[in-house]
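Structure record follows, encoded as structure tokens.
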Amino acid sequence: MVDVSKLLSSKFFEHILRNYFGNHNLKVLKCESVNAISVGENYTSDIFRTTITYTNENSDKEEAISVIVKCFPNNEMMRELAKEFKLFETEASAYNNVLSVVNNSLGKSEQLSAKCIHYEKGEKQIIVFEDLSPMKFKMHSRRQGLDLQHCLLVVEKLACLHATSLVLHEK
């Protein structure tokens, strides 16, 4: 069993943020992780929201970034299922090889997904995403479902993804 508190350390995030920002003098001061969703809402991964406070090489001013961290589940049965179906590898590939190209071609104003900041292979299997909540995105209750307005928005975004992927495929 992997101890998540040891994985989500300042050292872990410092390495990730240094690569993400291209700043090898970045220093993580602290990081605080909380469950991003209620227990039982996602069975094939454990999901955390982590706020990381850091300074960069040009200033002593503290800055903060929030990220979403998906880890292999602690439940052994779900862990084996995730391994067998390569769920993390497939998701990381979709974000890094497909959605990143789609998002880049659409531009920031039409972004369809979060950016994958880091993917850790191996026994740990961790994916770190940008947190979209600062941009006013919210997770809706899967039990309630969406109202018509939000369903139409989802269909519109899926059409945009389809059209953009078709154009990219033709190129």
Side-chain angles (χ1 to χ4, degrees), residues 1-9 11-17 19-20 31-52 65-106 110-135 137-146 150-171:
M1 200 69 64
V2 177
D3 183 358
V4 174
S5 64
K6 289 183 182 174
L7 284 178
L8 306 182
S9 66
K11 183 178 178 182
F12 173 77
F13 287 114
E14 192 168 89
H15 169 74
I16 290 170
L17 292 184
N19 288 331
Y20 181 64
C31 51
E32 297 172 343
S33 297
V34 296
N35 285 327
I37 57 175
S38 302
V39 174
E41 287 295 313
N42 193 348
Y43 303 105
T44 58
S45 58
D46 294 330
I47 303 176
F48 303 92
R49 174 172 281 113
T50 302
T51 303
I52 308 158
I65 185 173
S66 180
V67 296
I68 299 296
V69 182
K70 287 185 76 171
C71 303
F72 248 29
N74 275 327
N75 177 303
E76 192 59 39
M77 186 174 83
M78 291 297 116
R79 180 184 286 281
E80 291 305 315
L81 182 71
K83 280 182 187 177
E84 181 180 343
F85 290 105
K86 299 182 178 182
L87 298 179
F88 277 63
E89 294 94 332
T90 303
E91 184 171 6
S93 177
Y95 276 90
N96 288 321
N97 301 323
V98 178
L99 290 171
S100 65
V101 175
V102 168
N103 284 328
N104 285 339
S105 66
L106 288 173
E110 289 295 323
Q111 185 175 344
L112 296 179
S113 68
K115 291 179 190 163
C116 179
I117 294 172
H118 177 77
Y119 170 53
E120 183 131 344
K121 300 175 186 176
E123 189 61 30
K124 298 183 237 182
Q125 296 277 340
I126 297 172
I127 306 175
V128 180
F129 298 99
E130 77 177 315
D131 184 357
L132 296 179
S133 63
M135 292 178 259
F137 283 84
K138 294 180 183 175
M139 285 293 293
H140 191 72
S141 167
R142 67 180 173 86
R143 290 188 173 95
Q144 279 185 311
L146 298 174
H150 286 96
C151 286
L152 292 173
L153 180 61
V154 169
V155 171
E156 181 183 320
K157 294 302 179 183
L158 282 172
C160 183
L161 172 63
H162 175 72
T164 306
S165 65
L166 181 62
V167 168
L168 292 171
H169 175 71
E170 289 177 354
K171 285 183 178 179

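These numbers come from the heavy atoms of this one structure, side chains and all, not from hydrogens, waters or symmetry mates. Owing to the predicted nature of the structure, the values given are computational and were not obtained by experimental measurement.
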Interatomic distance, NZ@Lys70 vs CD@Gln125, rounded to 0.5 Å, equals 11.5 Å

Atom CE of Met78 and atom CG of Asp46: how far apart are they, to the nearest 0.5 Å?
-> 11.5 Å

Apply the side chain to side chain contact (heavy atoms under 4.5 Å, CB included) test between Val128 and each candidate in Val67, Leu8, Leu17; give the one that qualifies.
-> Val67

Would you say Lys83 has more than 12 foreign heavy atoms packed within less than 6.0 Å of its NZ?
-> yes

Contact summary for Ile65 and Tyr20, nearest pair of heavy atoms | CD1-CE2, 4.3 Å

Heavy-atom side-chain contact between Ser113 and Asn103 under 4.5 Å = yes

To the nearest 0.5 Å, how far apart are CG in Leu153 and CG in Leu146?
-> 9.0 Å

Report the C-alpha distance between Ser45 and Phe88 in whole Å, list the side-chain angles of each, state the deciding distance to 0.1 Å, and finish with yes or no for side-chain contact (heavy atoms from CB on, under 4.5 Å).
-> CA-CA 9 Å; Ser45 58; Phe88 277 63; 3.7 Å; yes

N/O donor-acceptor pair under 3.5 Å between Arg79 side chain and Pro73 backbone = yes

Ile127 and Cys116 have their tightest heavy-atom pair at CG2-SG, 3.7 Å

Which salt bridge (charged side-chain N to carboxylate O under 4.0 Å, His left out) pairs, counting each pair once, include a residue from residues 160-171, with sequence neighbours left out?
-> none

Please check if the side chain of Thr164 supplies one atom and the backbone of Leu161 the other of a donor-acceptor pair under 3.5 Å.
-> no

Rounded to the nearest 0.5 Å, what separation is found between the OG atom of Ser9 and the CD atom of Glu14?
-> 9.5 Å

Just wondering, more than 12 heavy atoms not from Met77 lying within 6.0 Å of its CE?
-> no

Would Val69 and Ser33 satisfy side-chain contact (heavy atoms from CB on, under 4.5 Å), going step by step from the backbone distance to the final call?
-> CA-CA 9 Å; Val69 182; Ser33 297; 5.8 Å; no

Aromatic ring pairing His150/His140, orientation class (parallel under 30°, perpendicular over 60°, tilted between) = parallel

Is it true that a side-chain atom of Glu120 and a backbone atom of Ile126 form a donor plus acceptor pair closer than 3.5 Å?
-> no

Apply side chain to side chain contact (heavy atoms under 4.5 Å, CB included) to His169 and list each qualifying residue two or more places apart in sequence or on a separate chain.
-> none

Report the C-alpha separation of Tyr119 and Tyr95 in whole Å, then their side-chain angles, then the decisive distance to 0.1 Å, and conclude whether the ring-ring contact (aromatic ring centres under 6.0 Å, His included) test is met.
-> CA-CA 10 Å; Tyr119 170 53; Tyr95 276 90; over 10 Å; no

If you round to the nearest 0.5 Å, how far is CZ of Phe48 from CG of Asn35?
-> 5.5 Å

Any chance you could measure Gln111, atom CD, to Asn104, atom CG, to the nearest 0.5 Å?
-> 9.5 Å

Closest heavy-atom contact between Ile117 and Glu130?
-> CD1-N, 3.6 Å

